[in-house]
Each structure stands twice: as structure tokens, then as C-alpha cells.
2 protein chains.
Amino acid sequence: MDEQQFLADYDKHQYDSPLLTIDAVLFTYHQECLKVLLVERSNYPERGKWGLPGGFVDLQRDKTLEDTVRRKLAEKTGVEPPYLEQLQSIGNTQRDPRGWSVTVAYTALMAFQSCETHVASVADVQWLELDRVSRMDLAFDHQTIIGLARERMRQKALYSIVPAYALPETFTLPELQHLHEVLIGKPLQKKSFRRRIEQAELLINTGEKRSEGGRPATLYRMKQTSGAYTFVRNLED
Amino acid sequence: MDEQQFLADYDKHQYDSPLLTIDAVLFTYHQECLKVLLVERSNYPERGKWGLPGGFVDLQRDKTLEDTVRRKLAEKTGVEPPYLEQLQSIGNTQRDPRGWSVTVAYTALMAFQSCETHVASVADVQWLELDRVSRMDLAFDHQTIIGLARERMRQKALYSIVPAYALPETFTLPELQHLHEVLIGKPLQKKSFRRRIEQAELLINTGEKRSEGGRPATLYRMKQTSGAYTFVRNLED
DNA sequence: TGAAATAGTGACCTATAGACACTTATTTGT
DNA sequence: ACAAATAAGTGTCTATAGGTCACTATTTCA
């Protein structure tokens with residue numbers, strides 16, 4: 001095959017490619033419960049249904065897939081999330097009524113407060129409680145994707161402190177523990193939890209305290225050592 | 001936006017999508033070393049270089065991304081691999097000279113023997129020793145992808161017996177241990193290794209033995225309990 | 001037949017996580 | 001002002017998993 005032939009085939013191939021999108025499952029923790037950011041679809045297909053923030057790669061503006069996700073999330077929340085991780089790609093003929101379609105799904109975490117006003121100002125974007133979401137009829141296979149993201153975060157809660165990215169900049173250990181308990185779905189031993197956190201050496205004692213009707217809890221901040229957020233095992237996890 | 005408008009936009013979007021491919025890092029273990037299946041590219045771009053098996057989704061034949069990978073691997077090896085796992089998607093403007101391009105990469109494992117004759121009969125397909133491969137100039141970012149796949153397998157070797165899929169149907173524990181040692185890059189304690197294997201209860205003693213100039217080793221077979229291949233922690237890992 | 005080679009086990013030691021009672025520091029109620 | 005309630009944080013015992021290494025077992029080969 002010569003170069004000319006290749007170029008002809010290349011155009012053909014590109015035209016026959018599956019539809020490619022990205023989707024993001026953005027979690028946060030607010031008022032003792034896990035929430036996920038959803039968008040009411042204004043376009044066909046699935047118009048009117050709620051779905052994950054996401055969309056097409058902008059070939060001019062985006063240099064990487066992560067750029068696309070960050071751009072899409074910034075459009076909806078006003079800021080870029082402090083934690084972003086690729087989850088999985090899903091591609092088949094069934095997930096989209098238009099036929100063959102591939103999505104690269106991401107999981108992201110951010111503090112509720114850091115986008116509260118922006119989200120409140122936009123009508124079609126909302127934080128929804130995860131338990132309620134699981135009973136909703138979402139667009140495409142977004143329910144499945146949220147399930148995958150949740151399971152991934154459950155694993156993170158067992159062996160890392162990644163979930164802390166869903167909290168505000170400073171937070172207490174009882175707060176973080178409760179978030180982990182919500183993710184894992186069962187109570188944790190206070191002592192064991194704190195031992196793990198301590199050994200990981202990823203939190204900094206801010207010196208400040210916060211009281212809630214009992215002994216005040218110490219406020220911590222994450223040591224931002226680019227990516228060293230897992231305890232024992234890395235892998236993505 | 002009405003449905004007609006959408007359809008117009010849809011075509012536009014599809015045309016402007018990044019080029020989408022799949023790639024597979026297929027490992028095996030033969031003669032005490034790790035090997036990876038590579039293909040000599042017969043087409044532009046990167047014609048003449050060696051690269052990972054993979055290619056475009058066939059919108060007619062494939063129903064899922066996994067179908068695409070299985071089809072591509074079967075074309076090169078004659079059989080479908082017993083272990084296949086999605087690794088990661090990589091998409092940016094740099095990885096392909098043609099511009100924006102996305103690949104969904106998979107990791108696969110299979111026994112050397114199960115495709116030995118097929119591979120030997122095809123000129124442009126070859127098992128190459130991993131250490132040699134790392135010094136080769138491969139097509140696109142395939143060197144990076146192989147690195148990611150290798151690291152993933154290293155993690156698997158620490159906490160699972162997934163690497164056993166790179167061995168023939170029956171194998172001995174010393175054999176499996178050596179494979180794990182090659183993946184991890186350092187020797188393992190015989191006793192600890194065997195304890196883990198035993199506790200996992202994923203291997204069946206075939207009753208047969210195989211001798212190699214000493215006490216004969218027991219031959220084992222994998223219990224194929226769809227996906228229950230990890231020890232303690234699941235998730236990918 | 002005994003030495004070398006390889007497979008497999010016994011037994012002790014250490015590190016880590018679970019369990020849970022205890023101490024500490026604050027708020028609330030009288 | 002002081003006791004009770006409430007929530008944070010610690011001390012310590014126990015269970016379990018994994019590291020270490022010497023020992024036993026079964027084969028081949030000279």
C-alpha cells in the first residue's frame with residue numbers, strides 16, 4: 001500500500017469510526033451524603049433526561065483527553081476538579097440509539113463548596129444524592145458508569161485517602177472517616193482508620209480545631225504530593 | 001434544537017472525531033522469560049516499524065470493543081486469549097503523526113504453546129523478549145503502552161494469580177513462582193508464595209507430577225471461576 | 001549407593017489490623 | 001458553677017498474614 005492509498009483509506013476509516021465521547025462521574029460529599037453532578041440533556045438523543053457531564057473532543061482546543069474532561073467539567077462547575085482519574089472506556093452498539101458509540105469515562109472528586117455558587121446559578125446542572133440517582137432513569141448507560149465509578153471509589157476508600165478530595169480544603173478525621181464509611185457501606189474502627197491515615201503521612205495538622213458539641217476535632221489539610229495518595233498499593237488503583 | 005438539527009450536527013461531529021483504534025499488549029511466558037506479541041506494520045504511518053496488534057473497530061462485525069480486540073488478536077494468533085483486560089485509553093494530538101488519535105489499550109495473556117504454530121507461519125508477527133523490546137524503536141507510543149501493561153501485570157503478580165494465564169493449561173508452582181518473580185523483578189519467598197496460592201483456592205491439583213532433575217513438582221490447573229482471580233483485593237487491581 | 005538437585009513443609013518471628021475500653025476536651029442544661 | 005452529655009482521640013490486647021529459614025522429601029545422575 002502506498003501513501004496515497006493510505007490517505008484514501010484514512011479518510012474512509014475516520015468517517016466510519018464509532019462516535020467518541022467522554023463522560024465524567026464527579027462525586028462530592030455534602031451534608032453527610034455522597035452526591036454526583038448531573039446535567040439535564042438539552043439535545044437529542046435522550047433529551048430531557050439527566051446524564052453525566054461530558055461530550056465531544058474539541059479537536060482545536062483540546063490537546064489530550066484529559067483536557068476535554070477538564071474543559072467539560074469547568075463548563076458545568078466553574079472550576080477544575082482537584083482529583084481526576086480515568087475510569088474505563090465503554091464501547092458497543094447498544095449504549096447509544098445512534099449505534100456504535102464509545103465513551104472514555106472519568107471519575108472526579110471535588111469539594112461541594114468550591115463550585116456551590118456556580119452550580120446554583122445554572123438551571124440544568126445539579127448535585128444529586130447518589131441513593132436517589134440509583135433509582136432514576138438516566139441517559140444512555142450512565143447509570144452503569146456511575147456504578148463502576150462508585151465501586152472504584154469504594155476500593156479507594158479501603159486502601160487510600162483519595163476520597164479526601166471530595167472534602168473542603170480543611171477537614172477533620174471524623175468527617176473523613178464518615179465519608180469512607182458511606183463509600184464502603186459499613187462502619188469502620190476509629191483506631192484502625194486513624195492508624196492508616198497516620199502511617200500514610202499524607203495529611204498535615206493545621207493546628208486549628210473545630211467543635212461540634214463535644215471535644216473539638218483537629219483540622220487537617222492534604223499534603224499535595226502529586227499523586228502519592230495511596231497507602232500500600234498503588235495501581236490505580 | 002430539534003431532531004433534524006441534531007442529525008446534521010451528529011454527522012458533523014462524527015466526521016470531526018479523533019481517529020479511534022484499539023491496541024493489545026499480549027504477554028506470554030516462554031523459556032524463562034516474558035515475551036510480547038508484536039506486528040511489523042505494513043501500512044503508513046510508521047510502516048516497517050514493529051507495533052502492537054490492533055486496529056480499527058469494524059462497525060459491521062464487532063458489537064463491542066472487546067469483540068474488536070478479540071478479532072484482532074485471533075487474526076494474529078489463531079486463537080482468542082484466555083485473559084483479556086482493558087488497560088487504559090490514551091488520546092492526544094501527539095501520539096499519531098496524523099493528529100488527534102485515541103487508542104483503547106488492552107492487556108492480554110496466553111500460553112506460548114496455544115498459538116506457536118500459527119505465529120510461526122506468519123512472517124510479520126512475532127513473540128519478542130520484553131527486555132529486547134524495551135530497547136527497540138516501536139511505532140507510535142506503543143513503548144509507553146507496553147510499559148503501562150507491564151506495570152499493571154507487576155501489580156497483578158503481587159496480589160493475584162492472573163499471570164498464570166500466560167502459562168500452559170497445566171503448570172507447576174515453581175514455574176508460576178518464577179513467572180511472578182520475573183514480573184516483579186525480585187525473588188519471592190517460596191513459602192509465602194505457596195501460602196498465598198493455597199489460600200486463594202484457585203488452583204486444582206491435577207494429581208500428575210513433572211520432574212526436572214530433582215523431586216517432581218505437582219502439576220496444577222486453574223479453576224476457571226469466571227473472574228475470581230484475585231486474592232484479597234479485587235478491582236483491577 | 002550416595003551426592004546433587006529440586007520440591008515442599010514446619011515452626012518461629014514480626015508487622016499490621018480489629019476490637020474495645022479508657023481518657024480527654026468541649027458543650028449543654030439546671 | 002458544676003454535673004451530665006457528647007464527641008475526639010489513645011492504650012492495649014488479640015488475631016491473622018506474611019517473612020525467614022532450616023528441615024524433610026523425592027527424584028536424577030555419576
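In the text below, chain A, chain B and the rest are named by the order of the sequence lines, each starting its count at 1.
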Output the single nucleotide from D:dG18, D:dT28, D:dG9 whose closest atom is nearest the side chain of B:Arg195.
D:dG18

Between B:Gly214 and B:Leu173, which is nearer to the 5' end of DNA chain C once each is assigned its nearest nucleotide?
B:Gly214

Any Lys/Arg nitrogen of B:Glu85 or B:Lys156 sitting under 4.0 Å from an Asp/Glu carboxylate oxygen of the other?
yes

Carboxylate-amine/guanidinium contact B:Glu80 B:Arg70, below 4.0 Å
yes

Is there a donor N/O on one and an acceptor N/O on the other, under 3.5 Å, for the side chain of A:Arg215 and the base of C:dA25?
no

Does the plane of the ring in B:Tyr29 sit parallel, tilted or perpendicular to the ring in B:His178? Use 30° and 60° as the thresholds.
tilted

Quiz item: B:Lys191 side-chain donor-acceptor pair to C:dG10 base, under 3.5 Å
yes

Is the phosphate of C:dA7, meaning OP1 or OP2, less than 4.0 Å from a side-chain N or O of B:Gln177?
no

Nearest 0.5 Å, please: how far is CG in B:Leu38 from CZ in B:Arg132?
10.0 Å

Of the candidates C:dT26, C:dT6, C:dA17, the side chain of A:Ser192 sits closest to C:dA17

Is any side-chain N or O of B:Arg194 under 3.5 Å from a base N or O of D:dG18, one able to act as donor and the other as acceptor?
no

Nearest-nucleotide pick for A:Pro174, side chain only, options being C:dG8, D:dA8, C:dT26
D:dA8

